> 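Below are the structure tokens for one structure; questions will follow.
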There are 2 protein chains.
Amino acid sequence: MTQLASPSPSVDRPDRFDRSRVDRFEVRRGELADAALETLGELGYARTSLREIAHKTEFSHGVLHYYFRDKNELITYCVRRSKEHCVTRYDEILASAASADDLAELFAEALTETMRVDTSTHRLWYDMRTQAMFEEGLRPTVVDIDRQLEAMISRVVNHYAVLRGRPLRVSQAMAYAVFDGLFETCLMRHIAGDECAAPRLRAESAQLLPMLVAD
Amino acid sequence: MTQLASPSPSVDRPDRFDRSRVDRFEVRRGELADAALETLGELGYARTSLREIAHKTEFSHGVLHYYFRDKNELITYCVRRSKEHCVTRYDEILASAASADDLAELFAEALTETMRVDTSTHRLWYDMRTQAMFEEGLRPTVVDIDRQLEAMISRVVNHYAVLRGRPLRVSQAMAYAVFDGLFETCLMRHIAGDECAAPRLRAESAQLLPMLVAD
DNA sequence: GGAATGTCTTGACAGATGTCAAGGGCGGGC
DNA sequence: GCCCGCCCTTGACATCTGTCAAGACATTCC
């Protein structure tokens with residue numbers, strides 16, 4: 001897995017040996033990124049302007065160019081930041097699941113919960129992923145995160161197969177693709193106000209997992 | 001299924017009893033929409049401007065406001081237009097498939113072919129669908145098309161189950177969701193230049209179909 | 001205390017965008 | 001031959017955008 005925790009530096013930064021300054025710089029960067037994430041989650045990639053982002057902070061719009069080279073660096077940094085916790089979200093479930101059925105239930109529940117709670121984060125991710133189909137510059141970040149998400153789903157599916165004592169019958173990529181399709185579909189309906197989206201995601205993801213292992 | 005062939009009229013049009021004028025109006029609308037689709041497929045929803053669209057025609061940018069009320073109507077019209085043939089694409093396969101295995105092969109091949117040939121159209125669709133998560137105004141069109149795509153996949157999957165002589169074990173919505181996930185994933189990789197995307201879609205969609213029916 | 005450096009604000013720039021009003025030219029109908 | 005209505009062009013508008021230079025304020029260090 002490639003490194004993701006610390007997005008690539010690009011703007012001129014304080015001397016790297018001056019710890020406290022570096023820290024303050026990073027902290028402020030993080031604060032601005034969080035404000036940006038709020039706006040991005042509401043408006044999406046295309047409709048979000050730097051002024052709109054700054055408006056959600058106590059600062060003026062110029063400060064963003066002090067902490068980020070340009071809009072692309074800011075947004076890339078934001079999406080990476082928002083996915084940091086996401087890609088290890090189910091690892092504790094793996095450890096705590098006592099049986100295959102147990103794992104399926106816990107996983108389905110966790111999936112549904114994050115759809116409900118982190119709705120805006122997820123739709124921002126799908127937005128950026130789609131934009132990457134048009135804008136080549138976004139692809140490295142998207143491919144990187146995508147790989148980590150695939151790896152995460154793989155861990156779940158593999159562990160499920162082990163607990164079941166049966167081999168998988170799909171590739172890692174395919175397992176990720178079908179779960180992603182299910183999640184995206186339900187997310188869209190959830191956002192559109194469909195009350196059934198969450199229970200459907202819960203039921204159907206729990207149903208999908210057993211289908212991926214041999215009988 | 002709701003009607004899709006003739007996108008909703010909104011701009012002031014010629015008197016509807018004057019056939020030849022109406023026809024000419026519709027033809028020109030279609031020509032402009034085709035030009036718009038070319039640009040939209042290249043640049044995506046957000047980056048496409050009306051001037052850019054007009055630049056691909058023999059007309060000036062003002063003409064778009066003569067045939068379409070605003071940008072949203074134009075784009076909605078375009079996406080509906082581009083999906084018209086799409087939603088019945090596999091119906092002839094249903095008629096010609098002699099066996100379940102045959103159907104699976106034909107379907108996988110057709111899916112792969114349209115990914116290769118209609119790449120830009122598909123990515124535009126995913127773009128608009130994602131934008132609809134942020135912009136409520138786009139949702140009616142998206143929901144409408146989505147339902148038709150789901151119905152199309154349903155026809156394929158149901159017919160496969162009949163040919164196999166076994167019941168389906170997933171809902172229509174779920175069948176659509178997993179195929180859509182597979183397709184979208186492969187489309188992204190295909191666009192990113194991954195040579196394996198097409199063969200993978202072919203193999204994995206043929207593999208996915210049998211998994212949806214009981215053994 | 002003063003200089004230097006880090007942090008942030010202000011204001012402006014150049015360009016792009018959706019929209020629309022005004023008008024030109026052309027063809028068909030009287 | 002003239003007029004009217006359709007089709008399209010032109011040019012302008014207000015607004016929004018990313019970017020950046022210049023400078024103000026604060027903090028740190030000698």
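Because the structure is a prediction, the values reported are computed rather than measured. We name chains A, B, ... by the order of the sequence lines, and we start the count at 1 in each one. Because only heavy atoms are used, hydrogens play no part in the values below, and waters and symmetry mates are left out as well, while side chains stay in.
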> Using a cut-off of 4.0 Å on non-hydrogen atoms, how would the nucleic acid contact of B/E58 be classed: base, sugar-phosphate, or nothing?
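Sugar-phosphate contact only - B/E58 comes under 4.0 Å of backbone atoms but never of a base.
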> Expressed as a whole number of angstroms, how long is the span from B/R51:CZ to C/dG18:C1'?
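Those two atoms, CZ and C1', are 7 Å apart.
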> Can you tell me the distance, in whole Å, between the CD atom of A/E31 and the P atom of C/dT7?
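Distance, rounded to whole Å: 13 Å.
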> Nearest whole angstrom, please: distance from the P of D/dC6 to the CZ of B/R29.
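For the pair B/R29 CZ and D/dC6 P, the rounded distance is 17 Å.
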> Choose from C/dC8, C/dC20, D/dT9 the nucleotide whose nearest atom is closest to any side-chain atom of A/Y66.
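Selected nucleotide: C/dC8.
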> Rounded off to whole Å, could you give me the CZ-to-P distance for the B/R24 and C/dG27 pair?
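The answer, rounded to whole Å, is 12 Å.
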> Quick check on DNA chain C: between B/S49 and A/V63, whose nearest nucleotide comes earlier from the 5' end?
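The residue whose closest nucleotide sits nearer the 5' end is A/V63.
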> Is it true that B/E150 and B/R147 make a salt bridge, defined as a side-chain N closer than 4.0 Å to a carboxylate O?
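The answer is no: the pair does not qualify as a salt bridge.
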> Between A/Y45 and B/F134, is the ring centroid distance below 6.0 Å?
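For A/Y45 and B/F134, the ring centres are not under 6.0 Å apart.
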> Determine, using ring centers only, whether A/F179 and A/F107 are less than 6.0 Å apart.
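Ring centroids of A/F107 and A/F179 are less than 6.0 Å from each other.
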> Distance check needed: C/dT17 C1' versus B/D70 CG, whole Å only.
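Roughly 14 Å, once rounded to whole Å.
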> From C-beta outward on A/H61, which listed nucleotide comes closest to its side chain: D/dA12, C/dT9, C/dG11?
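Of all the options, the side chain of A/H61 is nearest to C/dG11.
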> Rounded to the nearest angstrom, tell me the gap between atom CG in B/L50 and atom P in D/dT9.
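So the CG-P distance, B/L50 to D/dT9, works out to 14 Å.
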> Taking CD in B/E31 as the centre, count heavy atoms belonging to other residues, nucleotides or ligands within less than 6.0 Å. Is the count above 12?
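Above 12, so yes.
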> Describe the nucleic acid contact of A/T48 in one word from base, sugar-phosphate, nothing, applying a heavy-atom distance below 4.0 Å.
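Since only primed, P, OP1 and OP2 atoms lie under 4.0 Å of A/T48, the category is sugar-phosphate.
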> Choose from C/dT9, D/dT10, D/dG18 the nucleotide whose nearest atom is closest to any side-chain atom of A/H65.
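Taking heavy atoms from C-beta onward, the closest nucleotide is D/dG18.
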> Could you state the OH-P distance from A/Y67 to D/dT19, rounded to the nearest angstrom?
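For the pair A/Y67 OH and D/dT19 P, the rounded distance is 18 Å.
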> Side chain of A/S60 only, heavy atoms from C-beta on: which candidate in C/dT10, C/dT7, D/dT19 is closest?
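Nucleotide nearest to A/S60's side chain: C/dT10.
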> Pick the closest DNA chain D nucleotide for A/G62 and for A/R47 by heavy atoms, then say which residue is nearer the 5' end.
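Whichever sits nearer the 5' end wins; that is A/R47.
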> D/dG18 P sits how many Å from A/L64 CG, rounded?
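Taking atom P of D/dG18 as the reference, CG of A/L64 is at 10 Å.
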> With sequence neighbours left out, which residue pairs that include part of residues 170-182 of chain B fulfil the salt bridge (charged side-chain N to carboxylate O under 4.0 Å, His left out) condition?
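Salt bridge (charged side-chain N to carboxylate O under 4.0 Å, His left out) check on residues 170-182 of chain B returns B/R129-B/D180.
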